[in-house]
Amino acid sequence: MDFFERQWTSYRAIVEHDLMEHRAVAEATATAIQAWFDARPTTAPPPHLLDLGCGDLALLAPLLQRLPLASYTGLDLTPAVLPLAQQALGNVPFPSHWVEGDLLAWATQGTAAEGHAVVAQPVDILHSAFAIHHLADADKATFLQAARQRMAPGGLFVWIDVFRQAGENLEAYVARYTRRITALWPQLTTEQQEHVISHLSRCDIPADRQAIAAASEAAGWQWHWGWQGAHQAEALAVLTPA
Ligand SMILES: C[S@@+](CC[C@H](N)C(=O)[O-])C[C@H]1O[C@@H](n2cnc3c(N)ncnc32)[C@H](O)[C@@H]1O
């Protein structure tokens, strides 16, 4: 198994055993998107949805399949996930696009990948699950400012991620999450637990939940929490242009 497969197999096991509450996340995502549809004029045209860090779409595909979209675009830094996502989505009655690219580059430059005009157009629904926490805090603020400029009027941004508690430093967060994995995730093998802890310690920079809400408001968004998980980490924020 290569590095990607090992990492992805560990992530798949987390999703299958619902260790990060992906099922509740999927329900909360459906609720947030449905509320947005319900508040739109019935004459509004079908929306374009962009998914940043789409992964393999294992959980989002059933919701996407029943949404009346103008298009779906899955963007991910890891090209190996894109065919998996395409397969999970299957045949849908709207065009789908698959883009290898960086979410920060999409926000700041609009063209994450040459030749993909679709990623440069204004976005009606922006979705991102468990990807933005890989950005440094300064880059998260840049992302929020730049992404705000990419939204169509009346758009919706559903941001699912891990967040630190207000005032909690990164070291304390990593120690807390590591204890959670070793104590509460027996469904993973020891090797899988080690992969996750190693990834978490090296790559994860969850935002302070209070600071990021303030940063998003400074960037021209209205922020409210749509769902908060049981472990003071996973959460879903609903952002709309202020
Ligand atoms: C933990 S997975 C989440 C996948 C999926 N959204 C889900 O909720 O199951 C994170 C995904 O984000 C992608 N990713 C991480 N950093 C990224 C970046 N800067 N730009 C685009 N994708 C990124 C990874 O390649 C990976 O597919």
Side-chain angles (χ1 to χ4, degrees), residues 3 6-8 10-11 13-15 17-22 24-25 28-29 32 52-53 55 76-78 102-108 126-148 157-239 242:
F3 180 75
R6 277 207 310 276
Q7 293 287 340
W8 205 254
S10 300
Y11 185 63
I14 291 170
V15 174
H17 295 293
D18 205 29
L19 299 173
M20 291 173 67
E21 300 183 81
H22 280 82
V25 164
T29 304
L52 300 174
D76 205 289
L77 202 54
T78 307
D102 176 73
L103 62 90
L104 182 59
W106 164 76
T108 56
L126 185 61
H127 172 270
S128 185
F130 300 118
I132 296 171
H133 70 274
H134 293 118
L135 299 180
D137 279 345
D139 287 340
K140 288 190 206 79
T142 303
F143 171 83
L144 284 168
Q145 279 162 3
R148 171 68 188 82
F157 173 22
V158 180
W159 179 8
I160 297 112
D161 221 329
V162 279
F163 296 90
R164 281 180 281 142
Q165 290 181 287
E168 182 180 40
N169 68 32
L170 189 56
E171 199 183 4
Y173 169 89
V174 169
R176 174 165 76 85
Y177 211 110
T178 299
R179 282 195 301 276
R180 174 176 158 198
I181 293 169
T182 51
L184 300 178
W185 293 13
Q187 298 91 335
L188 298 196
T189 63
T190 308
E191 195 191 15
Q192 286 174 328
Q193 289 190 359
E194 280 164 9
H195 287 152
V196 181
I197 292 167
S198 155
H199 172 89
L200 162 80
S201 314
R202 283 180 297 107
C203 306
D204 286 10
I205 315 163
D208 175 305
R209 60 186 58 210
Q210 198 171 316
I212 200 69
S216 82
E217 281 162 13
W221 297 95
Q222 269 189 343
W223 172 291
H224 84 260
W225 293 106
W227 170 84
Q228 307 223 35
H231 300 278
Q232 290 78 48
E234 294 80 11
L236 179 152
V238 178
L239 286 79

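Note that the coordinates shown come from a computational prediction; the quantities given were computed from them, not determined experimentally.
- You'll find the side chain of I160 stays beyond 4.5 Å of the side chain of E234, heavy atoms only.
- Side-chain atoms of L170 and P206, non-hydrogen and from C-beta on, do get closer than 4.5 Å to each other.
- S128 and L52 get closest at one heavy-atom pair: OG-O, 2.9 Å.
- No side-chain N or O of R176 forms a donor-acceptor pair with one of Q232 less than 3.5 Å apart.
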Does the pair H199 and D204 meet the rule for a side chain to side chain contact (heavy atoms under 4.5 Å, CB included), with working shown?
CA-CA 7 Å; H199 172 89; D204 286 10; 3.3 Å; yes

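- Panel note: side chain R148, backbone G220; a donor-acceptor pair is recorded below 3.5 Å.
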Does Y177 form a side chain to side chain contact (heavy atoms under 4.5 Å, CB included) with V162? I'd like the steps, not just the answer.
CA-CA 10 Å; Y177 211 110; V162 279; 4.2 Å; yes

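- When all heavy atoms are compared, the tightest approach of G167 to D208 is N-OD2, 2.8 Å.
- A donor-acceptor pair under 3.5 Å links the side-chain atoms of H134 to the main chain of A131, judged by distance alone.
- Here the CG atom belonging to L200 is positioned 5.0 Å from the OG1 atom belonging to T178, to the nearest 0.5 angstrom.
- Note that CG of L188 and NE2 of H195 are 11.0 Å apart. Values are rounded to the nearest 0.5 Å.
- Closest heavy-atom contact between A219 and Q145: CB-CG, 3.6 Å.
- If you take CG on L19 and CG on L184, they are separated by 9.0 Å, rounding to the nearest 0.5 Å.
- T108 contributes atom OG1, which lies 9.5 Å from atom CG of L103 (distance to the nearest 0.5 angstrom).
- Checked by atom type and distance alone, the side chain of W221 pairs as donor or acceptor with a backbone atom of L144 at under 3.5 Å.
- Note on ring orientation: taking the six-membered ring where Trp is involved, the planes of F130 and H22 are tilted (angle from 30° to 60°).
- Nearest heavy atom pair, residue A32 against residue V158, reads CB-CG2, 4.4 Å.
- Below 30°, between 30° and 60°, or above 60°: for F163 and W223 the angle between ring planes is above 60°, a perpendicular geometry.
- Rounding to the nearest 0.5 angstrom, the gap separating the CD1 atom in I181 from the CD1 atom in I197 is 4.5 Å.
- For the atom pair E194 CD and S201 OG, the distance stands at 11.0 Å (nearest 0.5 Å).
- The main-chain N or O of A215 is never found under 3.5 Å from a side-chain atom of K140 such that the two would form a donor-acceptor pair.
- A salt bridge links D137 and R164; the closest N-O separation between the charged side-chain nitrogens and carboxylate oxygens is under 4.0 Å.
- Residue T182 comes nearest to Q193 through the heavy atom pair CA-OE1, 3.8 Å, listed as atom of the first residue, atom of the second, then distance.
- Across all non-hydrogen atoms, the minimal contact from A166 to Q210 is CB-OE1, 3.1 Å.
- The closest donor-acceptor contact from the side chain of D76 to the backbone of T78 lies under 3.5 Å.
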